[in-house]
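For reference, the structure is listed below as structure tokens.
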Amino acid sequence: MAWRMSTRTPASVAAGLMAVVLVGGAVVLPAYASFELLGELSILLTMLVLAQFWNLLAHHAGLVSLGQQAFVGIGAYGLFAAVIAYRLDPLPAILVGGASALVLAIPVAVLALRLGSVQFAIGTWVFAEAVRLGVTQWNAAGGGADLSLPLEAREGMLGADWVGATFDVEAAAARDILVYWSALALAVLTVGFVYRLLRTSGGLGMTAARVDLVTAQSVGVRPARMRWMVFLAAAFGTGVAGALIFLQGARVAPDTAFDMVQWTICVIFIVVIGGLGTIEGPILGVLAFYFLQRALVGYGDWLLAVLSVLAIAFMLFAPRGLWGIVHAATGLQLFPTRRRLVRNRGEVPPKKAAGN
Amino acid sequence: MIWVETVMQGVTLGGLYALFAAGLYLVLGVMRLANLAHGAFIVLAAYVILLLASLLEIGPLLAALIAAPALFAAGWLLQRLLLNRLLGEDILPPLLVTLGLSIVIQTGLEKGLSAQSRRISPGPLETATVEVGPAVVSLLPLLSLGSAVLVVLVLQWVALRTATGRALRAISDDPATASMVGISPPRLLAGVTGVSLVVATIAALHAGTLAEFQPASGTAYLIIAFEAVLIGGLGSPWGALAGGIVLGVAQTAGAALDPEWEVLAGHVAFLAVLLVRPRGLFPRASG
């Protein structure tokens, strides 16, 4: 066989190598960085996870959700319940948070996945509001008041001793390092998962179905199963992110855990500014968010308004976002999903047979 | 006979919700535009009425009459300059832009006028009541139900009996073909959004006199407006009224059981209707 299918480009190979270096650097970063920076990076990495999943849902699966805060919140409460009621170690309890979100996502999916797009957006929002109100009134969950993680659970976190000894830091700092590593692992796994999914035929078919359902169906694409899978995966990842965010703060309340502005609206603006429909977009968007936040220190209540104005401007004048501008100027693609035929290495191009 | 009063209260509350919904129904029905800024515009209109009434020392009704053309112009410009460029198969671009707009309006009101709760004084009407059968109902909620019925009747009449309504139904069914036979969607659609904000002004007059509001109230208005429209379905403006009443009755019934369940009961009713009838009680024949 002289030809094979590939999505690889020179830029993507370089990007892959650079990603390995970057992630490697990020893993050993706690030895050099201040704890303030680590805390900020943890938040940004979890925001990146939320943004990747929202983009996957909205752009590729055509599922515009306004209710992702339900999964952030239930992920946080899942973790707190596992740690407080069942004395689980906080680190494995992060996965309980993800699992709680996954379980919650099943009834949402049953109800919402057969709806039209407007009904889906509003339905997910109302569902999230109903869950928030339910948790607020549920006495076992604090009845609307704050819940705190017990100190001994936080200090005795799995691996905290080892981290404390290795980096020569106190217990609280060791916990922050563990949370940072978990956030890093989650972000890397999320980007890897989304990239892998978008290169499978199922993933490509799903995106095609969003653009033109009838044509996609006529060539055999059946998006329904993929959309189920993507919705549940996004709920799980969002739940894990929620668990991590509130593990870092060690305190949770319904209004912050189920905050639509923070966990859905902000995330939507990040995706729009960075660039809808790409993996690079949300990464750039989160970076833009970080620098905006720094630039607006002291004017915190303007941040959201500035984000909205930027998002409106991008939607009108550059609907592909920051990454769209970079891509148009350079042709660069770090996570290419387009399949191309390439010649196998070392083989001589076949000559045109004469007289045939 | 407590439940009779509960239902009556729910129905009149539903009238207010139908007013929230009617303006939204218009843009969603004609151009499939999910205007996430509709709630913020209702709050904006309420502040305009409040300011006009206190600056000019006039009654709220007169203030609303002055505010309405201004809101019409705002809607007209919004559609002409912004939203017309974003309409298409994909609901995402207009949805994102109106989401951003709602945040901008809310922040602007908070920064310009403070986040404090305000109320439009209804004057002597505040304590007026009327007897309806066995129940005694206060007049203000009843007036909002009357306004809602009136708005729905007007919308229905325009849609079915006028040339403009015929053109709008054509655009709603198939914008490309409609423009081929000489209907000019950009200007008509600008008018539709303008009228939708006039309806928002009527909603603001009632919401602002019935209860306190603040810049952040837009979110609560918006979720109720969408719930009512989607319960009702996009087939008829009567759907918005029906949806509003379903929500209002669910909320007052929930509150009768436990005051904390009021809002939750409305959400549960919405989700239940969507489970049984995904396209609402009065769905469109097609699309």
Side-chain angles (χ1 to χ4, degrees), chain A residues 58-59 62 64 66 107-108 110-134 136-137 143-144 210-213 260-261 264-266 268-269 271-273 276-277 301-317 319, chain B residues 24 28 32-34 36-37 81-83 85-86 89-108 110-111 115 216 219-220 222-227 229-231 233-234 258 260-272 274-275 278-280 283 287:
Chain A
H59 182 86
V64 179
L66 294 177
V108 186
V110 169
L111 173 73
L113 282 185
R114 59 203 187 110
L115 298 176
S117 46
V118 175
Q119 283 89 341
F120 179 87
I122 305 306
T124 48
W125 179 20
V126 171
F127 204 96
E129 276 299 296
V131 173
R132 180 179 69 83
L133 290 169
T136 307
Q137 277 154 45
R210 203 227 13 127
V211 176
D212 187 342
L213 182 63
M260 183 193 195
V261 169
T264 300
I265 296 181
C266 234
I268 292 176
F269 291 154
V271 174
V272 171
I273 291 170
L276 260 170
D301 13 334
W302 288 97
L303 178 65
L304 195 65
V306 172
L307 278 176
S308 1
V309 171
L310 279 176
I312 293 174
F314 271 108
M315 218 58 230
L316 286 174
F317 304 113
Chain B
L24 191 67
L28 196 58
R32 292 194 178 60
L33 192 153
L36 291 182
L81 301 179
L82 228 62
L83 299 179
R85 316 166 55 162
L86 301 167
E89 281 291 302
D90 194 356
I91 67 153
L92 202 49
L95 190 128
L96 296 174
V97 166
T98 51
L99 175 65
L101 199 63
S102 74
I103 304 275
V104 171
I105 294 173
Q106 185 183 329
T107 313
E110 275 168 4
K111 296 294 165 189
T219 314
L222 182 70
I223 199 167
I224 283 171
F226 265 112
E227 283 175 326
V229 169
L230 298 181
I231 288 175
L234 292 176
D258 181 337
E260 296 209 319
W261 292 353
E262 182 176 356
V263 181
L264 187 57
H267 293 333
V268 171
F270 167 75
L271 294 171
L274 236 53
L275 190 65
R279 297 169 65 220

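Just so it is clear, the structure is predicted and the values come from calculations on it, not from any experiment. We name chains A, B, ... by the order of the sequence lines, and we start the count at 1 in each one.
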Check each atom of [X] against the heavy atoms of chain B and say whether the ones under 4.5 Å are side chain, backbone, both or neither.
| X | result |
| --- | --- |
| A:R210 | side chain |
| A:A311 | neither |
| A:L66 | side chain |
| A:V272 | side chain |

Practice task
Answer yes or no: is there a side-chain heavy-atom contact under 4.5 Å between A:M315 and B:L92?
Solution key: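 Counting from C-beta outward, A:M315 and B:L92 never come under 4.5 Å.
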Problem - Any side-chain heavy-atom pair of A:F269 and B:L99 under 4.5 Å - result: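 Yes, their side chains come closer than 4.5 Å.
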Problem - Side chain A:E129, main chain B:H267, donor-acceptor under 3.5 Å - result: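 Flag not set: sc A:E129 to bb B:H267 has no pair under 3.5 Å.
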Problem - Minimal non-hydrogen separation, B:L264 against A:A130, with atom names - result: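 What the structure gives for the nearest pair is CD1-O, 3.5 Å.
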Practice task
Heavy atoms only: give me the nearest B:G100-A:I312 pair and the separation to one decimal.
Solution key: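 Closest pair (atom of B:G100, atom of A:I312, distance): C-CD1, 3.7 Å.
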Portion of [X] that has a non-hydrogen atom of chain A nearer than 4.5 angstrom:
| X | answer |
| --- | --- |
| B:T219 | both |
| B:L86 | side chain |
| B:I91 | side chain |
| B:L271 | both |
| B:V268 | neither |
| B:D90 | side chain |

Pairwise distance [atom1]([X]) to [atom2]([Y]) - rounded to 0.5 angstrom:
| X | Y | atom1 | atom2 | answer |
| --- | --- | --- | --- | --- |
| B:E227 | A:W125 | CD | CH2 | 8.5 Å |
| A:I122 | B:L36 | CD1 | CG | 6.0 Å |
| B:L82 | A:L316 | CG | CG | 5.0 Å |

Practice task
Specify which of B:T98, B:V229, B:L222 makes the most heavy-atom pairs with chain A at under 4.5 Å.
Solution key: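 Looking at each option in turn, the highest pair count goes to B:L222.
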